[in-house]
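Below is one structure; the comments refer to it alone.
Numbering of residues begins at 1 and proceeds along the displayed sequence.
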Amino acid sequence: MICIAILAGSVVTASLVQRDFGRVEVTNVMYENYNRIPVRAKLLKPVEATTEDPMPGLVHIHGYQKQPRDRGCLLH
């Protein structure tokens, strides 16, 4: 039971840290690279960002499976 409580606490803490305690919005996005291979990523942007007041964001790419067909997208 203690392990489950520690695990649950860790998940909540990690989520809060990733979202900077509510100041960052995190969304999952997908786009195609130059080889038309879909790339999954997370888009992190400030909650206060608007069209009138743009702010820098971050795209976090999770990585590839290292399949032979995916090698070309890692070389460029």
Side-chain angles (χ1 to χ4, degrees):
M1 191 66 167
I2 292 173
C3 291
I4 292 174
I6 291 171
L7 178 65
S10 299
V11 168
V12 169
T13 301
S15 178
L16 288 171
V17 168
Q18 183 180 32
R19 289 171 171 71
D20 197 20
F21 298 93
R23 294 184 293 219
V24 174
E25 178 184 346
V26 181
T27 56
N28 293 315
V29 295
M30 188 175 344
Y31 61 92
E32 291 184 348
N33 69 3
Y34 72 96
N35 284 338
R36 299 207 180 273
I37 296 173
V39 177
R40 292 175 153 192
K42 287 188 179 186
L43 173 63
L44 291 84
K45 65 177 187 171
V47 173
E48 299 94 17
T50 63
T51 305
E52 296 79 29
D53 186 20
M55 297 179 183
L58 175 81
V59 177
H60 178 252
I61 300 173
H62 302 277
Y64 289 90
Q65 297 285 331
K66 300 207 183 212
Q67 300 286 335
R69 66 180 175 87
D70 294 340
R71 285 192 187 139
C73 59
L74 298 175
L75 296 176
H76 298 286

### Task
Run through the side-chain heavy atoms of Ile, Leu, Val, Met, Phe, Trp and Tyr, join any pair under 4.5 Å, and report what else lands in Ile2's cluster.
Ile6

### Message
Checking Leu43 now: which residues fulfil side-chain contact (heavy atoms from CB on, under 4.5 Å) with it, not counting sequence neighbours?
### Response
Thr27, Val29, Val59

### Task
Could you name each residue pair satisfying ring-ring contact (aromatic ring centres under 6.0 Å, His included) that touches residues 39-61, not counting sequence neighbours?
His60-His62

### Task
Scan residues 20-33 for pairs that pass salt bridge (charged side-chain N to carboxylate O under 4.0 Å, His left out), counting only residues two or more places apart or in two chains.
Asp20-Arg23, Glu32-Arg36

### Query
How is the hydrophobic cluster of Met1 composed, in terms of its other members, when Ile, Leu, Val, Met, Phe, Trp and Tyr link through side-chain heavy atoms under 4.5 Å apart, directly or indirectly?
none

### Task
Measure across Lys42 and Val26 and return the closest heavy-atom pair with its distance rounded to 0.1 Å.
CD-CG1, 4.1 Å

### Query
What pair of heavy atoms forms the shortest contact from Pro56 to Pro46, and how long is it?
O-CD, 3.3 Å

### Task
Dump the intermediate steps for side-chain contact (heavy atoms from CB on, under 4.5 Å) on Glu48 and Met55, then the final yes or no.
CA-CA 8 Å; Glu48 299 94 17; Met55 297 179 183; 3.8 Å; yes

### Message
Under a 3.5 Å distance rule, please check whether Asn33 uses its side chain to pair with a backbone N or O of Asn35 as donor and acceptor.
### Response
yes

### Query
Does some side-chain heavy atom of Val24 sit less than 4.5 Å from a side-chain heavy atom of Val47?
no

### Summary
Tracing side-chain contacts under 4.5 Å among Ile, Leu, Val, Met, Phe, Trp and Tyr outward from Val12 reaches Leu16, Val17, Phe21

